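Values in this document were obtained by computation on a predicted structure and should not be read as measured data. Convention: sequence-line order gives letters A, B, ...; per-chain numbering from 1. Worth knowing before you read on, the calculation uses all heavy atoms, side chains too, and leaves out hydrogens, waters and symmetry mates.
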Amino acid sequence: MRWSNLFVPTLRDAPGDAEAPSHKLLLRGGFARQLHSGHYSMLPLGWRVHQKISEIIRLHMDAMGAQEFHLPAMHPARIWKQSGRWDVMGDEMFRLQDRKGSDLALGMTHEEVFATHGVEISSYKDLPQQWYQIQLKFRDEPRPKSGLLRVREFYMKDAYSFDIDEAGLDKSFDAYHDAYVQIFKHLSLPAVPVEASSGAMGGSGSNEFMVPSDAGEDDVVMCADCGYAANVERATSALAEVSDDAPPAAPEIFDTPDVRTIKALAEFDGGAAADRQIKTMVMVADDEVVLALVRGDHGLNEQKLSDGLRSATLRPASADEAQKALGALPGSLGAVGVDGIRIVADLALQGRTNMTTGANIDDKHYRGVDLARDVAVTEWLDLRTVTAGEPCVNCGTALEIIRCIEAGHIFKLGRKYAEAMGMSVLDENGDKRVPIMGSYGIGVGRAMAAIIETHHDDNGVIWPVAVAPFEVSVILVSLRDDAAVAAGEDLYTQLRQRGIDVVLDDRDARAGVKFADTELTGIPWRITVGPKGVAAGMVELTSRATGETVEVALADVVDQVAATIEAARIPDGADPIYR
RNA sequence: CGGGCUGUGGCGCAGCUUGGCUAGCGCACCUGCUUUGGGAGCAGGGGGUCGUGAGUUCGAAUCUCACCAGCCCGACCA
């Protein structure tokens, strides 16, 4: 490709509303442009990167025996109604009607469609199956943000496994886990597999592949010592034992005028330290009022509560709803003596006694509360949010909390969708069995943004060779020197013949402009062809990553660059894969 | 959904408080000359009607209201 023919609208200044480094560089480097909130156009350079990422994912999927499909992005409402998710997905699903008034949806995921086709699998002999596609997903995100990191329309590689039994699913899951490790190595993304909540999709085992980055949206609890890593929505920690004094025979009520918060009660004369209080939160899970109890100094993790309750939706109750349920306004709420409402309590409260909590009478609290004696806990669950510095459950080391980008997610789905869509096979005994599914996703555009987040400097992107829009740029320093131009053209031709992805910067522009654009767009290698050098039979070779420049003989540079690039196409530590 | 902020040529911004000539500046763009290894210099030039609509006024980018769009924070601590 000749740069003079390319459309690469680089910008000296990033648009003011771009915040994340990847967002700024995607715009500045001429990779992408926003059409409207959450929808980006990929410009030629960006699309080249996107395609290379897709191709790497495809390579590894194919290598593990998965088969590529291409499914419709637009779905009939029928299949979503059949799985029950037409209602569950709520506002996050784009919906429309055709001219006949039929309800349609833009696919936000493809369990239903794949399972629909899975109906044609009829024998255990045809299992397992590994199916995947790279397809657009549409999600009506409440808040698109950070360039390509959170958008409403994006390419995702989604794969689905079908197995006859749990043992098979475990094997499939492990195979994807291994493939994902390889894919992220191949993409030079430092993705860490962490334990995760399986959320609204349902299912059991679940791992996310997390790339540490300030631009991320997930908090991951990590132990630097033993390697424990889990999403805060799932993470646990060890807590110091707390010993309580014996409680009185019955809870004592006392006046707490204007005390509305844990902090105020801790400071109140006759109150209690935060870790001696029970925090009572009124939540609404799928229209049912539920009380969630955690220790006063702990935070409720809504995802944990939602997972524990197996609810599709969860929200805090309004003050009105709280008053209706318990008779008092927030600030004086408690679960003592509450009957007829589901009460879930955090494990850290188990066995605690002599605690203080709201009395369900405005401006009054109880002290001397014994959880086992005074509160009719329906279920004990892990509900609290782990905070930094708490001891690791495995080794006791202080845990860290690290902001991450979720680059991939794999999980065991179970039989829900296979069953709903009517899948079944006959086993070796001739008995009908519903296959068990797994689901495995990687966001392509998000991976691209994550690579930029982890590979850039003040001058622009530093693409790993494997995904770079071009592997090397040959820069003609001056178009007025015939010998130098001829030498550059010759290098360009030779490199193309060697199968190197090369761009010839033949623009009639100053050298500084070309250098800056090559750096901004992150091309890993630069060959500078200038009149003086060519006269002496030399060119310069510059590494984008290190900035290092060496002089190389014109006659040797093609061999040297080609060898370097060919070696770098698969990063150190990644397995070479052949189709 | 709640809170904060912003919409002025392709990009970055000023002007708005204290309404008033043809709405400015930098970058980019076009022409010419010079320059030519780190985002060139000089000269000339093109492009915006100020997010949209209504209102106030002799007069609105500027004041008022509504709407639309975009960005950031939060989505929970009883």
Partners meeting ring-ring contact (aromatic ring centres under 6.0 Å, His included) with Trp380(A) (sequence neighbours left out):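 With neighbours one apart ignored, the set is empty.
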Determine the interatomic distance between [atom1] on [N] and the same-named atom on [M]; round to the nearest Å.
N      : M      : atom1 : answer
A61(B) : A23(B) : C1'   : 8 Å
C65(B) : U6(B)  : P     : 15 Å
G7(B)  : U52(B) : C1'   : 11 Å

field: Along RNA chain B, first and last positions that approach a heavy atom of chain A under 4.0 Å
entry: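 Going 5' to 3' along RNA chain B, contacts run C11(B) to A78(B).
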Looking across every strand, which nucleic acid part, if any, lies under 4.0 Å from [X] by heavy atom: base, sugar-phosphate, or nothing?
X         : result
Lys263(A) : nothing
Ala14(A)  : sugar-phosphate
Thr518(A) : nothing
Leu300(A) : base
Thr528(A) : base
Gly299(A) : base
Val294(A) : nothing
Asn301(A) : nothing
Glu519(A) : base

Decide whether [X] and [Y] meet the rule of one side-chain donor and one side-chain acceptor closer than 3.5 Å.
X         : Y         : answer
His409(A) : Ser206(A) : yes
Arg526(A) : Thr528(A) : yes
Thr256(A) : Asp363(A) : no

Could you check which nucleotide pairs with [N] in any of the strands shown, counting Watson-Crick or G-U wobble with both distances under 3.5 Å?
N      : answer
G70(B) : C5(B)
G46(B) : none
C63(B) : G55(B)
G26(B) : C11(B)
A75(B) : none

task: Considering non-hydrogen atoms only, spot the tightest contact between Ala215(A) and Ala20(A) and give its length.
output: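 In terms of heavy atoms, the two residues are closest at CB-CB, 4.1 Å.
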field: Pairs where residues 472-483 of chain A contributes a residue and the test side chain to side chain donor-acceptor pair (under 3.5 Å) is met, not counting sequence neighbours
entry: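 Side chain to side chain donor-acceptor pair (under 3.5 Å) check on residues 472-483 of chain A returns Ser473(A)-Thr518(A).
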field: Pairs touching residues 282-291 of chain A that satisfy side chain to side chain donor-acceptor pair (under 3.5 Å), sequence neighbours left out
entry: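 Passing the test, one end in residues 282-291 of chain A: Asp286(A)-Thr313(A), Glu288(A)-Arg342(A).
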message: Glu489(A): which residues meet the salt bridge (Lys or Arg N to Asp or Glu O under 4.0 Å) condition with it, sequence neighbours left out?
response: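 Expected list: Arg2(A).
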query: Is there side-chain contact between Met93(A) and Arg139(A), with at least one heavy-atom pair below 4.5 Å?
result: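 Met93(A) does not reach Arg139(A) side chain to side chain.
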message: In terms of relative ring orientation, are Trp47(A) and Tyr155(A) parallel, tilted or perpendicular, with 30° and 60° separating the classes?
response: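 Trp47(A) and Tyr155(A): tilted rings.
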task: Kindly state which residues belonging to residues 24-42 of chain A come within less than 4.0 angstrom of RNA chain B, counting heavy atoms of the residue only, listed by number.
output: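 Arg28(A), Gln34(A), His36(A), Ser37(A) - these, ordered by number, are the residues of the stretch whose heavy atoms sit under 4.0 Å from the strand.
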